[in-house]
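Take a look at the structure set out below.
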Amino acid sequence: MHLRFKNKNLVLICLIFLGAMISCKAQNNTETAEEDCFKTAADRPELYLPLLKDKTVTVVTNQTGLLKDKTHLVDFLVKNNIKIKSIFAPEHGFRGDADAGEHVKSGIDVKTGLPIVSLYGSNKKPTAVQLKGTDVILFDIQDVGVRFYTYISTLTYVMEAAAENNIEVIVLDRPNPHDGYIDGPVLKEQWTSFVGMHKVPVVYGLTIGEYGKMVNGEKWLKNGVTAKYTVVPMLGYHKLQRYGISERPSPNLPNEKSINLYPSLCFFEGTQVSVGRGTALPFQVYGSPWTKSFSYTFTPKPNYGAKDPFLNGKLCYGENLSNFPEDLRRLNLSWLLKAYKDYKNPQQNFFLTNLFFDKLAGSDDLRKQIMAGKTEEEIRRSWQKDLAEFEKIRTRYVMYEN
């Protein structure tokens, strides 16, 4: 009898999904119609509320966990009488206002009174005590689709803890603003860190729901454990289309322009070059006091999301890319190579001494190629074999059409 009940639920969900898809396809085949049909998983409560009924839920989310009408997922769940035990917050915190790398404190959500548990700092993986009494972990965070953006690392640790404690993980899927292509060097295992946990390229071409499927399917969790894992899919999503973000995913990615440039410019975080933290154009400019051949100038100063920005108060010479017209579908290394060539500071190397650059790149190969004077074309050719191997893995977990 219990099995029949579960099967009926499954049939109901499938009918809802197919009915909505047929409705969308019946409309005129225009971009506007496609946008009207599109829904994030959070806007499909008919699919996930039945999965949460009579369960004790822990929610992993932040300021991006919004429905189309800007209602926060946590508030929506409370209104629908879902029993929430606690909220887990990733890097930048539940409200998304902490600096990159800043320790995020646990606390209480003033609006709901729910406890907030930080998953950034010393507590990146939920403990058995923190999960005690939880039946389901519901994950809803807007990702950026880049290996060194840490929300996929948080998902990995959540899945690992869930598997170890026999708890189900449900991911509400959201668009990847760098979907539909893969690019960049593939991480080598000895450079594994929180900004790169898996052997994937810088841009991996999967939604966060698909990425979790890959982590599970490839047995990348510690000791080969697998989580009970469910993805609530988006409706009308296409991997080559770009969907606007409803809320900035972190303080220094305020808009689509910065997100578009982020995979290419983030390498500068491992160098003596600023990417505009502490300016009005984070990840839309780059520059350094020691690249004086560039004509554009800016001076980083403390602001929202950058309390003590890199090169604080120093005049930087560089380039303003805020009007860069291209919708990037591959990494652009020209800015990095130009800055390296122009950099002149006998007291400090271009690359930071902690070699954070290598963690971002996934190995020391890219740094050595730049130092050896390799061209962008030569560097890109060196990635192709690993990218082809990764593509074989990636295709096993794709849920949406191009």
Side-chain angles (χ1 to χ4, degrees), residues 144-149 176-188 191 195-196 199-205 252-253 256-277 281-288 290-296 310 316-345 349-352 355-391:
V144 172
V146 183
R147 186 185 65 221
F148 31 68
Y149 204 66
N176 172 359
H178 287 282
D179 212 342
Y181 75 102
I182 62 173
D183 202 15
V186 173
L187 180 138
K188 295 182 179 178
W191 276 271
V195 293
K199 292 185 283 185
V200 304
V202 171
V203 181
Y204 44 78
N252 287 286
L253 292 182
E256 280 86 359
K257 289 182 179 180
S258 58
I259 290 172
N260 181 46
L261 295 164
Y262 175 75
S264 301
L265 295 189
C266 193
F267 290 114
F268 282 122
E269 301 269 65
T271 74
Q272 296 290 346
V273 176
S274 165
V275 287
R277 293 183 188 271
L281 297 171
F283 287 99
Q284 296 170 66
V285 300
Y286 71 90
S288 168
W290 306 286
T291 51
K292 293 186 177 180
S293 293
F294 292 93
S295 59
Y296 178 75
F310 184 59
C316 296
Y317 303 82
E319 193 169 0
N320 183 348
L321 303 173
S322 62
N323 292 317
F324 184 74
E326 186 180 349
D327 172 15
L328 286 172
R329 304 292 172 114
R330 71 180 216 162
L331 296 185
N332 185 323
L333 294 181
S334 67
W335 303 311
L336 182 63
L337 296 176
K338 281 194 292 184
Y340 177 79
K341 186 176 180 180
D342 192 65
Y343 182 82
K344 294 175 179 62
N345 180 359
N349 289 327
F350 179 79
F351 299 100
L352 299 181
L355 295 185
F356 184 60
F357 184 92
D358 293 357
K359 285 186 177 181
L360 294 171
S363 78
D364 59 1
D365 291 344
L366 180 57
R367 175 172 54 85
K368 290 178 177 178
Q369 288 169 330
I370 293 170
M371 293 173 67
K374 299 289 186 182
T375 65
E376 181 167 3
E377 292 71 23
E378 289 172 325
I379 293 171
R380 295 187 63 81
R381 280 199 297 271
S382 72
W383 302 339
Q384 297 314 306
K385 181 181 178 182
D386 288 343
L387 286 174
E389 289 300 313
F390 171 72
E391 180 61 16

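Please read all numbers here as calculations on a predicted model, not as lab measurements.
- Summarising the geometry of Ser258 relative to Pro282, their closest heavy-atom pair is CB-O, 3.4 Å, with the distance given to 0.1 Å.
- Here the side chains of Pro177 and Glu256 are not in contact, with every heavy-atom distance at 4.5 Å or above.
- Summarising the geometry, atom CD belonging to Glu377 is positioned 12.0 Å from atom OG belonging to Ser382; distances are rounded to the nearest 0.5 Å.
- Other residues, nucleotides and ligands contribute only 12 or fewer heavy atoms inside 6.0 Å of the CG atom of Asn349.
- Annotation: side chain of Val275 is not in contact with side chain of Tyr262 (no heavy-atom distance under 4.5 Å).
- Distance CG/Leu187 to CG/Asp358: 11.0 Å, rounded to 0.5 Å.
- In this structure, CG on Leu336 lies 14.0 Å from NZ on Lys341, to the nearest 0.5 angstrom.
- Looking at every heavy atom in both residues, Glu376 comes nearest to Leu333 through OE2-N, 3.0 Å.
- No side-chain donor-acceptor contact under 3.5 Å links Thr291 to the backbone of Ala339.
- Within the 3.5 Å criterion, the main-chain N or O of Ser293 finds a donor-acceptor partner in the side chain of Asp342.
- Atom-to-atom distance recorded for Leu265:CG and Phe283:CZ is 7.5 Å, nearest 0.5 angstrom.
- When side chains are defined from C-beta on, Phe350 does not count as touching Ile370, because their heavy atoms never get closer than 4.5 Å.
- For the pair Asn260 (side chain) and Asp327 (backbone), a donor-acceptor distance under 3.5 Å is absent.
- For the pair Val285/Glu319, no side-chain contact is recorded, criterion being any heavy-atom separation below 4.5 Å from C-beta on.
- Between the Asp183 side chain and the Leu331 main chain, a donor and an acceptor come within less than 3.5 Å of each other.
- Gln272 and Tyr343 get closest at one heavy-atom pair: CG-OH, 3.4 Å.
- Taking 4.5 Å as the limit, every side-chain heavy atom of Asn323 sits out of range of all side-chain heavy atoms of Gln284.
- The CG atom of Leu321 lies 9.5 Å from the OH atom of Tyr296; values are rounded to the nearest 0.5 Å.
- Looking only at side-chain heavy atoms (C-beta outward), Glu269 and Leu360 come within less than 4.5 Å of each other.
- The main-chain N or O of Lys199 is never found under 3.5 Å from a side-chain atom of Arg147 such that the two would form a donor-acceptor pair.
- In terms of modelled atom types and a separation under 3.5 Å, the side chain of Gln384 and the main chain of Arg380 share a donor-acceptor contact.
- Other residues, nucleotides and ligands contribute only 12 or fewer heavy atoms inside 6.0 Å of the NZ atom of Lys292.
- Across Pro263 and Val203, no two heavy atoms sit closer than the pair CB-CG2, 4.0 Å.
- Ring planes of Phe351 and Tyr340: tilted class, angle from 30 to 60°.
- Taking every heavy atom of both residues into account, Thr271 and Phe268 meet most closely at OG1-O, 2.8 Å.
- In this structure the side chain of Asp365 reaches within 4.5 angstrom of the side chain of Lys188, judged on heavy atoms.
- No side-chain heavy atom of Phe310 sits under 4.5 Å from any side-chain heavy atom of Arg277.
- The main-chain N or O of Thr375 is found under 3.5 Å from a side-chain atom of Glu378 such that the two form a donor-acceptor pair.
- To the nearest 0.5 Å, atoms CH2 (Trp191) and CG (Leu355) are separated by 9.5 Å.
- The aromatic rings of Phe267 and Phe357 sit tilted, their planes meeting at an angle between 30° and 60°.
- The nearest pair of heavy atoms linking Gly184 to Leu387 is O-CD2, 3.5 Å.
- Ring orientation note: the planes of Tyr286 and Trp335 are tilted relative to one another, at an angle of 30° to 60°.
- With hydrogens and angles ignored, the 3.5 Å screen pairs no side-chain donor or acceptor of Gln369 with any backbone N or O of Lys374.
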